[in-house]
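These numbers come from a predicted model, not from an experiment.
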Amino acid sequence: MTTSEITVIGAGIIGISSALALQSCGHAVTVLDREGVGAGASSGNAGAFAFTDIVPLATPGIMREAPKWLLDPSGPLSVPPAYALKIAPWMLRFWRASWRDRYARSMAAQSSLMALSRAALERQVKGVDGEALMQREGQLQLYEGEAEFRASLPTWQLREAHGIRFELLQSPEAIAEIQPGLDRRFTHAGFTPDWLNTCDPAAWLRHLADRFVALGGRIEQAEVTALAQEGARVRLTTGSGARAADRVVVAAGAWSHHLARTLGDRLPLETERGYNTTLPAGAFDLRTHLTFGGHGFVVSRINGGVRVGGAVELGGLRLPPNYKRARVLLDKAAEFLPGLKTSGGTRWMGFRPSMPDSLPVIGAAPRADRVIYAFGHGHLGLTQAAGTAELVRDLVRRGIPEINPAPFAPTRF
């Protein structure tokens with residue numbers, strides 16, 4: 001049996017960020033991953049640090065849209081018919097999370113985690129000399145016509161109440177000053193100047209992982225299949241034998257609930273399957289991150305190229321990818337950006353681990369206090385990684401967290 005002080009399960013952005021934060025406190029840290037660094041959603045995402053996205057997916061009245069999710073498999077939010085029965089218990093919790101009182105609490109908690117994560121990211125970027133991998137170009141949230149824009153105003157008022165800076169634009173000409181080349185159907189927009197992206201999420205994660213290893217950390221490929229707390233130690237069962245650690249952090253993304261179940265915890269984690277197409281450099285003169293909220297996708301700049309992706313498909317881990325969704329998004333992008341060159345693209349599908357209330361699980365396992373859970377961030381894993389890492393660090397050293405961790409506790413379910 002091999003031993004280490006702290007073992008982090010998962011070499012995605014949450015796991016590597018947590019390992020770095022723990023290492024900074026003097027802990028000896030080993031990261032285990034069944035495939036290696038960035039094999040999942042951490043490398044293929046849109047590269048956005050979406051700190052302004054404080055509104056949960058489960059909004060009041062959203063369940064009235066549920067029939068459309070089954071009838072439109074290419075829509076911005078869909079449930080494949082083959083998965084509908086399996087996801088029904090999660091959907092019930094999702095519906096409850098949309099009640100106005102719970103929705104308000106979730107948004108307040110999300111806002112606090114976003115504020116922490118923004119500050120934590122700046123500390124992280126400075127600590128690893130990572131500014132060269134950042135793009136500080138803002139974001140345009142685009143609307144087709146006056147009615148869609150007016151319907152969005154309550155969410156902008158909520159952002160204002162939570163201290164988020166923005167400018168509302170009400171003509172195609174005003175939008176074109178920030179991003180030329182958009183179809184004139186987009187008559188209104190909200191511009192958030194403090195929004196930032198990484199130029200390449202895979203490169204950013206590799207940069208963090210390389211810094212972790214350079215400082216003495218270890219990253220190993222191993223699949224952990226079970227956990228058990230035995231006194232002051234945690235036993236890890238892997239395909240290559242047993243291991244032990246003083247503490248364990250579970251940051252295995254969409255597979256995390258399988259490990260939690262071995263500790264007796266049945267957490268309602270589901271999988272948002274996200275799709276995108278990455279076009280080569282020169283595909284479009286993209287000057288800011290574009291969000292087409294009414295169509296459920298974004299367009300971002302990745303290494304000089306263009307990544308078109310998004311939508312939410314609640315389809316679990318086993319159904320085959322439906323790359324028609326990526327094609328639909330690319331076709332829409334070509335319609336909305338008439339100068340977009342759509343040839344030579346690379347398609348991708350990734351699993352985003354999602355909880356029904358849109359909040360991650362960050363806290364000690366109820367039945368094993370030496371195991372810390374850090375998963376369930378949905379499409380906000382990159383955004384909230386640095387903040388989550390600082391919360392994990394404080395939980396391990398039993399310090400006082402900068403924000404109230406109660407809304408993220410696994411016991412809330």
Donor-acceptor check, side chain of T192 to backbone of W195, threshold 3.5 angstrom: yes or no? no
Let's go through R185 and E335 carefully: what are the C-alpha distance in whole Å and the side-chain angles of both, what is the deciding distance for salt bridge (charged side-chain N to carboxylate O under 4.0 Å, His left out) to 0.1 Å, and is it a yes or a no? CA-CA 10 Å; R185 77 183 68 189; E335 185 180 354; 3.0 Å; yes
Taking atom types as modelled, find out whether T52 and R165 have a side-chain donor-acceptor pair closer than 3.5 angstrom. no
Nearest 0.5 Å, what's the CG-NZ distance between D331 and K324? 10.5 Å
Cation over ring face, R93 and W90, 6.0 Å, 45°: no
Using a distance-only test with no angle check, is there a side-chain donor-acceptor pair under 3.5 angstrom linking T278 and R307? yes
Assess the side chains of S117 and Q384: does a donor N or O sit below 3.5 Å from an acceptor N or O? no
I want to check something: taking the side chain as every heavy atom from C-beta on, are R273 and Y275 in contact at a cut-off of under 4.5 Å? yes
Before we go on, tell me: are the rings of W156 and F166 under 6.0 Å apart, centre to centre? yes
Y373 vs D265, test: side-chain contact (heavy atoms from CB on, under 4.5 Å). Steps then yes/no. CA-CA 11 Å; Y373 293 149; D265 298 325; 2.7 Å; yes
Among side-chain atoms of E146 and T187, is any donor-acceptor pair under 3.5 angstrom? no
Look at the side chain of E148 and the backbone N and O of E144, then say whether any donor-acceptor pair between them is shorter than 3.5 Å. yes
Main chain of L196, side chain of E137: is a donor-acceptor contact present, judged purely on distance under 3.5 Å? no
Side-chain donor-acceptor pair under 3.5 Å between E220 and T30, yes or no? no
Closest contact, heavy atoms only, I62 versus S98: CG2-CB, 4.2 Å
